[in-house]
Amino acid sequence: MTDHMLEQKLAQALEHAAPNQIDAILERCEERRGTVVVMQQRPRRRRSLAAYAVAACLALLLIGGSGLGLMYRQSNAVASVVSLDVNPSMEMRVSQSEKVLSVTALNAEAEEVLADLPLEGTDLNVAVNAVIGSLLRHGYLDSISSAILISVEDSDANRAARLQQSLSTEVGTALQNAQSGASVLSQTVTQDVGLDSLAQANGVSVGKAYLIESIRGINSSLDFNDLAALSVEELKQMVSAGSGQMPIGRDQAGVIAQTYAGVLELDAVAVEVDPELDERQPHYEVELETAFGEYEYRIDAYTGEVLSGQADISTGGGNSGTVVTPPDSQQTGSGTDIGLEAAKNAALSHAGVSASQAQFSKTGRDYDDGRLEYEIEFWVGDTEYDYEVDGSSGAILKSEVKTHAAASGGDIGLEAARDAALSHAGLSLSQVSSLETERDYDDGRLEYEIKFRANGMEYEYVIDGATGSVLEYEMDED
C-alpha cells in the first residue's frame with residue numbers, strides 16, 4: 001500500500017466517523033429563536049472509541065503518513081541471503097526478523113528437493129530444518145562423504161556471523177538426530193553486487209561463487225565453470241589448502257579406482273568417494289563395494305595416480321573377504337609401498353616385541369619431502385614406543401622408548417577410553433570420522449587423548465586411563 005493510498009483510506013474513515021450535520025442543527029436553532037431555554041448541567045459523555053481512533057489516525061498522518069509504509073517496507077526488505085549447497089543448490093532471501101521472503105532453486109535437483117515445501121513466510125530455522133529433511137529423504141546427506149555448505153551474505157557482519165553460527169548448530173543437530181554422517185561447512189560473505197551478478201550468470205549460489213573466486217584469486221587461469229562442477233567440499237578444502245591446481249574430481253577418481261581394480265565394466269559396484277584435498281598429499285579416498293568384497297583406494301588428487309589399493313581384484317584373490325589395507329607390497333607414485341602391516345611388523349621387530357604384547361595407540365601414513373613414511377606408536381605395559389618407518393624399504397628412520405611410572409588404579413584400555421568419549425559426545429562409532437587416539441602420562445596419571453570429527457564439529461577429549469572419566473573436552477567448528 002502506497003503512502004497516497006493510505007492517506008485516502010484515512011480520509012474516508014474520518015468522513016464516515018463524523019458526518020456533516022451543520023445544516024440540520026442551524027435549522028432547529030431558527031425554530032426556537034426568542035425562546036428562553038433553561039440549561040441544565042448533564043454528565044459529560046464519553047467520546048466514542050471511533051472518534052479516538054480517527055484522531056489517532058489523523059495524528060499518525062500529521063506526524064508522517066509515510067511511517068506505516070516505511071515499517072511495511074522494512075519488514076519485507078531483504079536483510080540476508082542464505083545459500084544451501086550440497087549438489088542441490090538454493091538461496092533463501094530473509095528479512096531482518098529472520099522470516100523467509102523467497103526461496104530460489106538454482107538447479108533441477110534443488111527444484112525436486114523444494115517441491116511441495118511452502119517456505120515463504122516461515123521462520124528461517126523452520127525453513128532450513130524442512131530443507132534438511134527433504135535433502136535426507138532424497139539421499140543427498142546419507143553418507144560420511146557428504147557435506148552441506150551454509151553461506152550467509154549480509155552487509156551487517158555481526159548479524160551474518162550470528163546467523164552462520166545458529167544455522168550451523170541447527171543443521172548439525174538435525175543431521176545428528178538423523179544419524180547422518182554428513183559434515184556441515186559454513187561461511188559468511190560480504191554483500192557484493194559483482195559477486196551476485198557472477199553467481200546469477202553462472203547459475204550457482206553466491207556461497208559457491210565466493211569459494212570459486214577465492215580459488216581463482218590464487219590461479220586466475222582456472223575456468224569458473226570447471227570449478228563449479230566440483231562439490232562444495234572439494235572447493236572448501238582447496239581454499240583451506242591454498243591450492244591453485246585443478247583436481248581430477250570425484251567422478252574421475254571413482255573411474256580410476258574401478259579401472260585399477262578391474263571392475264569398471266561390472267554393474268553391481270557401489271562407489272563412494274571422499275575428497276582429502278587439504279591433506280599433505282592431496283588425494284581421494286575411494287571405497288568400492290563389489291561381489292568380491294569391499295576395497296579402499298587412494299587416488300592422487302591432481303595426477304590421478306593410484307597411491308594404494310589392490311589391483312585386479314577379480315583375479316587377485318579378492319574372495320578372501322573385506323580388504324581395508326593395501327597388500328604388503330605395491331607400486332605407488334613414489335615407488336614401492338610396504339603397507340601398514342609391514343611397517344608395524346618392522347617396528348615390533350626392532351623393539352623385540354610380539355604383536356600380542358603390543359597395544360597400538362597411533363598409526364599413520366604420511367609423506368615427508370616426497371618420502372613415504374609410517375608413524376607407529378604402541379605400548380607394552382607402561383613403556384611407550386614411537387617409530388618412524390620408511391614406507392618403501394621398511395627401514396627404521398627414528399625410534400624412541402619411554403618408560404612411565406605404573407599407573408595407579410589400573411588401565412581401562414584404548415577402546416573403553418574411546419567409548420567414554422563417544423558416549424559423552426552422544427555419538428556412535430559409525431557417526432564419526434578421522435578418529436585419532438593416543439595414550440600418554442601426565443604427572444604420573446595415565447590418560448587417553450581422543451580426537452574425532454562428526455556433523456561439522458571437531459571433538460577433543462582427555463580421558464582418565466584408570467576410571468574412564470572425562471578430564472577435559474573441547475568442541476570446535478570443523
Are the side chain of [X] and the backbone N or O of [Y] linked by a donor-acceptor pair below 3.5 Å?
| X | Y | answer |
| --- | --- | --- |
| T259 | V255 | yes |
| S197 | V193 | yes |
| N455 | M457 | no |
| R93 | V78 | no |
| S166 | L163 | yes |
| H424 | L422 | no |

Test of understanding: with side-chain contact (heavy atoms from CB on, under 4.5 Å), list the residues that count as partners of [X], not counting sequence neighbours.
| X | value |
| --- | --- |
| T190 | none |
| A425 | L427, F452, Y459, Y461 |
| A199 | V204, V206, A209 |

Next item on the list: Establish, for the pair K344 and F360, whether the NZ or CZ atom is under 6.0 angstrom from the six-membered ring centre and no further than 45 degrees off its axis.
Entry: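 Yes, K344 and F360 form such a contact.
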On a heavy-atom basis, which atom in [X] and which in [Y] lie closest, and how many Å separate them?
| X | Y | answer |
| --- | --- | --- |
| L119 | M92 | CD1-CE, 4.2 Å |
| I463 | A417 | CG1-O, 3.7 Å |
| L227 | L235 | O-CD2, 3.6 Å |
| V273 | R250 | O-NH2, 3.1 Å |

Check: Does CD belonging to Q359 count more than 12 external heavy atoms closer than 6.0 Å?
Finding: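 Atom CD in Q359 is packed in, count exceeds 12.
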Check: Do other residues, nucleotides or ligands put more than 12 heavy atoms under 6.0 Å from E474 CD?
Finding: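 Atom CD in E474 is crowded, with more than 12 foreign heavy atoms closer than 6.0 Å.
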Considering residues at least two apart in sequence or located in another chain, which fulfil the side-chain hydrogen bond (donor to acceptor under 3.5 Å, both in side chains) criterion with [X]?
| X | value |
| --- | --- |
| S205 | D85 |
| E276 | none |
| E449 | none |
| E373 | R371 |

Restricting to pairs with a member in [range], which pass salt bridge (charged side-chain N to carboxylate O under 4.0 Å, His left out), not counting sequence neighbours?
| range | result |
| --- | --- |
| residues 110-128 | K99-D123 |
| residues 283-292 | none |
| residues 178-190 | none |

Note to self: Would you call the rings of Y387 and H350 parallel, tilted or perpendicular, taking 30° and 60° as the class edges?
What the structure shows: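 Y387 and H350: perpendicular rings.
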Sequence neighbours excluded and cut-off under 3.5 Å, please list the side-chain donor-acceptor pairs for residues 216-223, or say none.
{"unit_1": "R216", "atom_1": "NE", "unit_2": "L222", "atom_2": "O", "d": "3.0"}
{"unit_1": "R216", "atom_1": "NH1", "unit_2": "E213", "atom_2": "OE2", "d": "3.1"}
{"unit_1": "R216", "atom_1": "NH2", "unit_2": "S220", "atom_2": "O", "d": "3.4"}
{"unit_1": "N219", "atom_1": "OD1", "unit_2": "S221", "atom_2": "N", "d": "3.1"}
{"unit_1": "N219", "atom_1": "OD1", "unit_2": "S221", "atom_2": "OG", "d": "2.5"}
{"unit_1": "N219", "atom_1": "ND2", "unit_2": "S221", "atom_2": "OG", "d": "3.4"}
{"unit_1": "N219", "atom_1": "ND2", "unit_2": "G244", "atom_2": "O", "d": "2.8"}
{"unit_1": "D223", "atom_1": "OD2", "unit_2": "N225", "atom_2": "N", "d": "3.0"}
{"unit_1": "D223", "atom_1": "OD2", "unit_2": "D226", "atom_2": "N", "d": "3.0"}

Calculate, to the nearest 0.5 Å, the distance between atoms [atom1] and [atom2] belonging to [X] and [Y] respectively.
| X | Y | atom1 | atom2 | result |
| --- | --- | --- | --- | --- |
| Y297 | L307 | OH | CG | 13.0 Å |
| T169 | N125 | OG1 | CG | 12.0 Å |
| S214 | L211 | OG | CG | 6.0 Å |
| Y140 | I148 | OH | CD1 | 12.5 Å |
| S392 | L372 | OG | CG | 5.5 Å |
| K236 | L149 | NZ | CG | 6.0 Å |

Checklist line | Set of salt bridge (Lys or Arg N to Asp or Glu O under 4.0 Å) partners for D154, sequence neighbours left out | finding: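 D154 satisfies salt bridge (Lys or Arg N to Asp or Glu O under 4.0 Å) with R159 once adjacent residues are dropped.
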Notebook entry, point to check: Looking at K208 and E91, does any basic side-chain N land under 4.0 Å from a carboxylate oxygen?
Noted result: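 Not counted as a salt bridge, because no side-chain N and carboxylate O are separated by less than 4.0 Å.
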Any chance the side chains of [X] and [Y] put a donor and an acceptor closer than 3.5 Å?
| X | Y | answer |
| --- | --- | --- |
| S240 | Q237 | no |
| S151 | Q187 | yes |
| S83 | Y210 | no |
| E234 | S231 | yes |

Checklist line | side-chain contact (heavy atoms from CB on, under 4.5 Å), paired with Q258, selected from V286, V271, T290 | finding: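 The side-chain contact (heavy atoms from CB on, under 4.5 Å) with Q258 is passed solely by V271 among V286, V271, T290.
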Checklist line | Audit row: Q431, S428, side chain to side chain donor-acceptor pair (under 3.5 Å) steps and yes/no | finding: CA-CA 5 Å; Q431 292 177 280; S428 65; 3.2 Å; yes
